[in-house]
Amino acid sequence: MNALMIKGLLFAAVLIGATIFVVESMHIDLSDPINLITMIGAIAIAVLTVGVSIKYINQMKTDTASGELTDENWDGIGEYKNELPSGWAYSFLGTIIWALWYWTMGYPVNAFSQIGQYNAEVKTYNQKFEEMHKNADKATLQQMGESIFLVQCASCHGVTGDGLSGKAQDFGSRMTKEQVLYTIKHGSNQLGFQMGAMPPMMAQGKDAEEIAAWIAGGMKGKQPAAFATCASCHGPDGKGMNGMAPDLAGYNETLVKHVLDHGKTGEIGRMPSFKTMLTPIQDKALAVYIQSLSN
Amino acid sequence: MFHWLEKNPFFFAVGVFLVIAFAGLVEILPNFAEASRPVVGLKPYTVLQLAGKNVYMKDQCIACHSQLIRPFKAETDRYGQYSLSGEYAYDRPFLWGSKRTGPDLHRVGNYRTTEWHENHMWDPTSVVPGSIMPAYKHMFSNAADIATAYAEAVTVKNVFHTPYGDDIKAGKKAWEAYRPKVLAEAKKIAANMKNKDVKDAVNAGKVPEIVALIAYLNSLGSSRYEANKVK
Amino acid sequence: MQSNAALEYDYSVAKLFTYTAILFGLVGMLLGTLIAAQMAFPELNYLFGQYGTFSRLRPLHTNVVIYGFTVSGVFATFYYSAQRVLKVSMAESKFIMFVGKLQFGLYLIAATGMVVTLLLGITTTKEYAQMEWPLDILIVLIWVLWGVAMFALIGIRREKALYISMWYYIACFLGVAMLYLFNNMEVPTYFASGGIGSMWHSVSMYSGTNDALVQWWWGHNAVAFVFTVPIVAMIYYFLPKESGQAVYSYKLSLLSFWGLMFVYLWAGSHHLLWSTVPDWMQTMGSVFSVVLILPSWGSAINMLLTMKGEWNQLTENPLIKFMVLASTFYMLSTLEGPIQAIKSVNAIAHFTDWIPGHVHDGVLGWVAFMIMAALFHMAPRMFKREIYSRKLIEAQFWIQTTAVVLYFTSMWIAGITQGMMWRAVDEYGNLMYSFIDTVTVLHPYYAIRALAGVLYVTGFVMFAYNMIKTMTSSKVLTEEPQFKSPMA
Ligand code: HEM
Ligand code: HEM
Ligand SMILES: [Ca+2]
Ligand SMILES: [Ca+2]
Ligand SMILES: [Cu+2]
C-alpha cells in the first residue's frame with residue numbers, strides 16, 4: 001500500500017473512531033440493530049470512498065494512458081474506445097441482479113408493512129419493560145419518574161419542577177393562595193374526580209382569603225372555621241377522602257393521575273392532557289417523583 | 001443505436017425524455033386517488049388557522065420543524081400517535097419538512113397550550129433554557145393576512161371541494177360578512193394570552209400574526225378529527 | 001475529423017452569467033455562513049429584525065446558491081462550451097444572440113424577484129420550489145429560452161455527433177422542465193376567490209401525501225438535474241480540455257449516462273422513507289438508490305482514469321486539483337446518499353444534520369469546486385488574459401478543502417449522534433433525552449461548521465478577487481491557449 005492510501009484510510013479510521021467515541025459518550029447502545037446498521041453504513045461510506053477513489057488516483061502515478069481513439073474529436077477533446085473497468089462493470093451488474101432479487105424474492109415489494117413492524121416493536125418493548133417494572137419499588141419509580149419528567153414535563157415545569165417563575169405549577173408546594181382563590185371563585189369541573197364538579201363561590205370574602213392562605217401555607221396551624229364547607233368533600237384533613245375529590249395537602253397518586261388524564265386549567269393557565277402519551281406505570285412514577293419535589 | 005442517437009439530437013432528446021418520464025408514471029399515479037382521502041371526521045382548517053398556517057409558511061418554521069411522526073416507538077413516545085396519510089388530506093402544501101433542528105410539531109396541539117406558545121414564541125429560552133430557536137417578537141405586532149386566508153378557503157372549496165360551509169364563498173361581500181367569525185375565534189385565543197398589545201389589537205378588530213399562528217399550532221394534533229381519535 | 005480552422009466564438013452571454021455566478025456565489029455562501037453561525041450562536045438571529053431570523057434566511061441561502069450561483073454557472077459553462085463542442089459561434093446567428101441575452105435579462109429580473117420575495121416571506125414553502133407563481137412563470141420562460149438557444153445552436157452545428165457534455169446539458173434542460181412544471185402546479189387564490197387578499201398567494205394543486213410525492217419527485221431530481229447532470233457536463237468538457245487528455249472510455253460514458261437517466265428518477269421516494277407514502281414506493285426508492293451508486297461513480301471513475309499517468313499535472317495545475325477532488329467528493333456524496341437511503345440507516349439519518357452534511361459534500365466539494373474550476377478555465381479564453389495568480393488558487397484550494405472536510409465531518413458526527421439520541425431509551429424504557437438535550441449537545445459541531453463556512457467564503461472571496469483581476473488587469477494573451485490555462 002502506498003502512502004496516499006494509508007493516509008486516506010487513516011482519515012477514514014479517525015472519522016469512524018471519533019463518531020463511535022462521541023456516540024458512546026452519550027451512552028448509546030450500539031448493539032441496537034438500527035444503530036448497528038447505521039454505523040456499518042457509515043464505515044462503508046468512509047472506507048469505500050477513500051479506498052476506491054485513491055485506487056484510481058494512484059493510477060495517475062503508476063499507469064499511462066493508452067488505447068485506441070474514436071474517430072471524433074470535439075474542440076480538441078478525444079475519446080478512447082477502452083473497455084469498461086471490470087470492477088465497475090461487475091458491481092453494476094451485481095446491484096442490478098440484487099435489485100431484481102430484492103423485489104421478486106428477497107422482500108417482494110408488497111410484503112413489508114411499516115405499521116406491522118411498529119406494532120411488533122411496541123409489543124416486544126412492552127414485554128420487556130412493563131414486565132420488568134410491574135413491581136418496581138419506590139426508589140426505582142422515583143428515578144423513572146424523573147426520567148419521564150425531564151423529557152415530557154420540564155419544558156413547562158422546568159428541569160427542577162419550579163414552574164419557571166410562574167409559567168406552570170411549582171411543585172415545591174401544592175398551591176399558591178391565588179390558585180386556591182381562583183378555584184373557590186370559579187369552581188372546577190375538569191379533573192374527572194368521582195365527586196364530579198366543585199361549585200363556585202363555596203366561600204367568600206374574608207373566609208375565602210383565610211382558607212386560601214391556610215391551604216397555601218401547607219395546612220399548618222389552626223384550621224379556619226370556614227373550611228368546614230370544604231371538608232364535606234375534601235375531608236377534614238383536606239386529603240380528598242380517598243380519591244373522591246382532590247387532595248389539597250399534597251400530590252398523591254390519584255391527583256396526579258387525574259391531572260395527567262384530563263389536563264388542568266387554573267389560575268396559571270392550562271395544562272394539556274397526557275392521556276395518550278403515558279402508560280399507567282409512567283403515571284405512577286411521575287406521582288412518586290412529584291411527591292419527592294414537594295415538601 | 002446509441003451512436004445514431006448522438007447524431008440525431010431530436011431523437012436523442014425524445015429518448016432521454018421517455019426514460020426519465022417513465023418512473024413518475026409508475027410511482028406517482030397509481031396511488032393518487034387513495035392518498036388524497038381524508039381520515040374519518042377530519043375537519044378543514046378554519047380561516048384563522050389557515051392564516052396561522054400562512055404565518056408558519058411565511059416565517060418558514062419548516063426550516064427547523066417537521067410535521068411527520070414516523071412509526072417508531074421512540075417517536076410515538078415523544079410526539080404521540082404516528083401520522084396517518086388521511087390527516088394531511090387538506091394540507092396544501094404538505095408541511096412535513098425535512099429537518100428537525102427543533103422537535104416535530106404534528107401533534108403539538110395535544111401537549112402545548114396557548115399560554116405556553118405565547119411565552120415560547122416571545123422568548124424561547126424563557127421556557128426552554130438552551131433553546132436555539134429564534135424569538136418571533138415581530139409576530140406580536142404584525143397583522144395576520146386573514147383576507148388571503150379567506151381567499152385560500154374559498155379557493156380550496158371551489159377548486160378542490162374541500163368541505164367548507166356555505167358561508168365561505170367568493171366575492172368581497174361574502175368576505176365582509178365572514179370576517180366577524182374570524183375575529184370571534186381570534187378573541188378566544190387572545191383571552192388566554194397575557195400580552196396587552198395583542199389583546200388590545202384583537203379588541204380593536206385586528207388579528208396579530210401570533211394569534212393566528214397559535215390557532216394553527218393548537219389545531220395540530222388529533223383535535224381536527226376528534227371522532228376518530230387514536231388512543 | 002473537422003479542421004481546426006479558427007472560429008471566433010462569442011462569449012458575451014457566457015460572460016454575463018459568469019458575473020452573476022460570482023455575485024450570487026458570494027451572497028449565497030455568506031448567507032450559508034450566517035445561518036450556520038446562527039445555529040451555534042442564536043443571538044445572531046436579530047441582525048436585521050424579522051428579516052434576519054434563521055428561518056427567513058435558510059430558504060434564501062438555498063435559493064441563492066441553487067438558482068443564483070449554480071444555475072448561473074450552468075448557463076455560463078453551457079454558453080461557453082456548447083459553441084466549442086458543436087463548432088458554431090453564437091455570432092453566426094443574430095437570433096441565438098438575442099435569445100441568449102433576453103434569457104439573461106429575464107434571469108436577472110427573476111433572481112432579484114426571488115431574493116426580494118423570499119426576504120418578505122412570500123413563499124410556497126416546498127423545498128427548492130419556494131418561489132410563488134408569478135416567478136414560476138418567469139422561470140419557465142427563461143428555461144424555454146434556454147432550450148430554444150440550445151436547440152438552435154444544435155441545429156446549426158458543424159460537429160455531427162453530440163459530445164458527452166451536450167448529452168448532459170440536454171438532459172438537464174428536459175429533466176428540470178418536466179419536473180419543475182409538475183411540482184409548481186398551483187392555483188392563485190386571488191383569482192379563484194373573486195379578488196380577495198394577496199395577488200401573490202397560491203395553493204398547491206396536490207394535497208398531503210400526493211403533494212409530498214410530487215415535491216420529492218422534483219426535490220430529489222432537482223439534485224439530479226441541477227447539482228449532478230450539468231456538473232457532469234462540465235467535468236466532461238473542462239477536465240479533458242484543461243489536461244489535454246482524451247476521455248478514458250466511450251463505453252463507460254455511455255453506460256453511465258443512460259444508467260443515470262433511467263435510475264435517478266425512481267429514487268425520489270428515499271426522501272419519504274417511513275412516511276405515509278405506501279411501503280412499496282419506499283422500497284422502490286431505497287433499492288434504486290443503491291443501484292444508482294454505479295452510474296454515478298461511472299462518470300467519476302471515467303474522469304479519474306482520464307488523468308491516468310498525469311500525476312505531474314495533478315501536482316502542478318491547481319485547476320486539475322480542483323477537478324480531481326471534485327470527482328472524489330462526487331463519489332463520496334453518491335455513496336453516502338445511497339447508504340442514507342437504506343431504510344434502517346434512514347431511520348437514524350433522516351431529519352438530522354447528517355443530511356445537510358451529505359448535501360454539502362456534494363454542493364461544496366463537487367458543485368462549487370467544478371463551477372469555480374470551469375470559470376477559471378474559461379477566464380483566459382473569454383477575457384484574453386492570463387489568470388491573475390496561481391498562488392492564490394493554490395491557497396484557495398487548500399483553504400476550501402479544509403472547509404469541506406470540516407463541514408462534512410462535523411455534521412456527520414452531529415447527525416449520527418443526534419439521530420441515535422432521539423431513539424435512545426434508559427434502563428426504565430423511557431426516552432433517555434429530552435429534545436433540548438439533543439440540541440445543546442450539538443453546539444460544538446455547529447460552531448465547527450460555522451468556522452468551515454468562514455473558511456469556504458474566504459476561499460470564495462479569493463476566487464472572486466482572482467477572477468476580477470483576471471478580467472481587468474492581468475497580462476494580455478495574444479493567442480488562445482490550447483489546453484492548460486496560463487496563470488501567473
Ligand atoms: C447516488 C446519488 C444520491 C443518492 C441516492 C442520494 C440520496 C439522498 C438521501 C437518502 C437523502 C436524504 C433524505 C432524507 O432522509 O431527508 C438525500 C438528501 C439530499 N441530497 Fe442526496 N443523494 C445522492 C447524491 C447527491 C448529490 C450528488 C447531491 C448534491 C450535489 C445531493 C444533494 C442532496 C440534497 C440537497 C439533499 C437534501 C434534500 C432535502 O432538502 O431534504 N445528493 N440524498
Ligand atoms: C460557505 C458555504 C456554505 C455554508 C456555511 C452553508 C451552510 C448551510 C447551512 C447552515 C444550512 C442549513 C442546514 C440546516 O438547516 O441544518 C444549509 C443548507 C443548504 N445549503 Fe448550504 N452552505 C454553504 C454553501 C452552499 C452551497 C455552495 C450550496 C449549493 C451550491 C449549498 C446548498 C445548500 C442546500 C441545498 C441546503 C439545504 C439542505 C437541506 O435542506 O437538507 N450551500 N447550508
Ligand atoms: Ca431540506
Ligand atoms: Ca413555486
Ligand atoms: Cu434524493
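Here is the naming used below: chain letters follow the sequence lines, and residue numbers restart at 1 for every chain.
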Q: Name the member of C/Gln313, C/Gln245, C/Gln282, C/Gln340 that forms the most heavy-atom pairs with chain A at distances under 4.5 Å.
A: C/Gln282
Q: Check whether any side-chain heavy atom of C/Trp412 lies under 4.5 Å from a side-chain heavy atom of A/Ile16, and answer yes or no.
A: yes
Q.
Quick check on C/Tyr445 against chain A: is it the side chain, the backbone, both or neither that has a heavy atom closer than 4.5 Å?
A. side chain
Q: For chain C, find which of A/Ile45, A/Thr279, A/Val22 contributes the most heavy-atom pairs closer than 4.5 angstrom.
A: A/Ile45
Q. With only heavy atoms counted, which part of A/Glu68 is less than 4.5 Å from chain C, the side chain, the backbone, both or neither?
A. neither
Q) Does some side-chain heavy atom of C/Thr409 sit less than 4.5 Å from a side-chain heavy atom of A/Phe11? A) yes
(Q) Only pairs of heavy atoms separated by less than 4.5 Å count here; which of A/Leu30, A/Ile37, A/Ile20 has the most with chain C? (A) A/Ile37
Q) Do you know the tightest heavy-atom contact between A/Phe92 and C/Pro295? A) CE1-CD, 3.8 Å
Q) Is there a side-chain contact between A/Tyr56 and C/Met307 (heavy atoms, below 4.5 Å)? A) no
(Q) Counting heavy-atom pairs under 4.5 Å with chain A, which one of C/Ile301, C/Leu431, C/Leu86, C/Ile342 comes out on top? (A) C/Ile301
Q | Under 4.5 Å from a heavy atom of chain A, the part of C/Ala347 involved | A | side chain
Q) What heavy-atom pair brings C/Leu335 and A/Leu48 nearest, and what distance separates the two atoms? A) CD2-CB, 3.6 Å
Q: Identify the residue among C/Asn312, C/Leu305, C/Thr315, C/Leu314 that makes a side chain to side chain contact (heavy atoms under 4.5 Å, CB included) with A/Met60.
A: C/Leu314
Q: Would you check, one step at a time, whether the test side-chain contact (heavy atoms from CB on, under 4.5 Å) holds for C/Tyr433 with A/Met26?
A: CA-CA 10 Å; C/Tyr433 295 105; A/Met26 298 317 296; 3.7 Å; yes
Q) Where is the tightest heavy-atom contact between C/Glu427 and A/Met132, given as atom of each residue plus distance? A) O-CE, 3.2 Å
Q | Spatial distance of atom OG1 (A/Thr49) from atom CD (C/Glu336) [nearest 0.5 Å] | A | 8.0 Å
Q: Nearest 0.5 Å please: distance from the CG atom of A/Asp29 over to the CE atom of C/Met420.
A: 10.0 Å
Q | C/Arg381, C/Arg84, C/Lys87, C/Arg158 screened by salt bridge (charged side-chain N to carboxylate O under 4.0 Å, His left out) with A/Asp75, the one that passes | A | C/Arg84
Q) What part of A/Ile28 gets closer than 4.5 Å to chain C, counting heavy atoms only: side chain, backbone, both or neither? A) side chain
Q) Given a strict heavy-atom distance threshold of 4.5 Å, which part of C/Phe329 is in contact with chain A: side chain, backbone, both, or neither? A) neither
Q.
Using heavy-atom distances under 4.5 Å, tell me whether C/Glu310 contacts chain A through its side chain, its backbone, both, or neither.
A. backbone
(Q) For the interface with chain C, which of A/Ile96, A/Val50, A/Val52 has the highest count of heavy-atom pairs at distances below 4.5 Å? (A) A/Val52
Q.
Taking side chain as everything from C-beta outward and backbone as N, CA, C, O, which of these in C/Leu239 sits under 4.5 Å from a heavy atom of chain A? Side chain, backbone, both or neither.
A. neither
Q: Tell me, for A/Gln282 versus chain C, whether the close heavy atoms (under 4.5 Å) come from the side chain, the backbone, both or neither.
A: side chain
Q) Measuring heavy-atom distances to chain C, does A/Thr62 have an atom under 4.5 Å in its side chain, in its backbone, in both, or in neither? A) neither
Q. Out of C/Tyr237, C/Trp297, C/Phe435, C/Tyr428, which one racks up the most heavy-atom pairs below 4.5 Å with chain A?
A. C/Tyr428
Q) Do you know which two heavy atoms are closest between A/Ser53 and C/Leu304, and how far apart they sit? A) O-CD1, 4.1 Å
Q.
Would you say that C/Leu255 contacts A/Leu84 through its side chain, given a criterion of any heavy-atom pair below 4.5 Å between the two side chains?
A. yes
Q.
Among A/Asp63, A/Thr95, A/Ile281, A/Asn82, which residue has the highest count of heavy-atom pairs closer than 4.5 Å to chain C?
A. A/Asn82
Q. Heavy atoms, side chains only, cut-off 4.5 Å: are A/Lys81 and C/Tyr250 in contact?
A. no
Q | Part of A/Asn35 lying under 4.5 Å from any heavy atom of chain C | A | both
Q: Without swapping roles, check the side chain of A/Trp98 against the backbone of C/Val287 for a donor-acceptor pair under 3.5 Å.
A: no
Q. Closest heavy-atom contact between C/Ser344 and A/Ile34?
A. O-CG2, 3.5 Å
Q) chain A heavy atoms under 4.5 Å from C/Trp274: which part of the residue, side chain, backbone, both or neither? A) both
**Q.** Trace of the side-chain contact (heavy atoms from CB on, under 4.5 Å) decision for C/Tyr236 with A/Glu79
**A.** CA-CA 11 Å; C/Tyr236 266 115; A/Glu79 205 176 33; over 6 Å; no
Q. What are the two closest heavy atoms between A/Trp88 and C/Ser256, and how far apart are they?
A. CZ2-OG, 4.0 Å
(Q) Quick check against the 3.5 Å criterion: does A/Gln114 have a side-chain atom that pairs as donor or acceptor with the backbone of C/Ser275? (A) yes
Q: Start with the C-alpha distance between C/Thr283 and A/Tyr102, add both sets of side-chain angles, then the distance that settles side-chain contact (heavy atoms from CB on, under 4.5 Å), and finish with yes or no.
A: CA-CA 9 Å; C/Thr283 306; A/Tyr102 196 98; 3.6 Å; yes
Q. Under a 4.5 Å heavy-atom cut-off, does chain A meet the side chain of C/Val263, its backbone, both or neither?
A. neither
Q.
Can you classify the ring geometry of C/Tyr163 versus A/Trp74 as parallel (below 30°), tilted (30 to 60°) or perpendicular (above 60°)?
A. tilted
Q. Chain C heavy atoms under 4.5 Å from A/Ala136: which part of the residue, side chain, backbone, both or neither?
A. neither
(Q) For A/Phe129, which atoms come within 4.5 Å of any heavy atom of chain C: side chain, backbone, both, or neither? (A) side chain
Q: For chain A, find which of C/Ile436, C/Val405, C/Ile339 contributes the most heavy-atom pairs closer than 4.5 angstrom.
A: C/Ile339
Q.
So for A/Met144, is it side chain, backbone, both, or neither that comes closer than 4.5 Å to the heavy atoms of chain C?
A. both
Q. When you measure from the side chain of C/Asn430 to the backbone N and O of A/Ile148, does any donor-acceptor pair fall under 3.5 Å?
A. no
Q.
Taking atom NZ as the centre, does C/Lys321 end up with more than 12 heavy-atom neighbours from other residues, nucleotides or ligands that are less than 6.0 angstrom away?
A. yes
**Q.** A/Thr38 vs C/Trp354, side-chain contact (heavy atoms from CB on, under 4.5 Å): CA-CA, chis, key distance, verdict
**A.** CA-CA 12 Å; A/Thr38 302; C/Trp354 197 9; 3.8 Å; yes
Q.
So for A/Ala154, is it side chain, backbone, both, or neither that comes closer than 4.5 Å to the heavy atoms of chain C?
A. neither
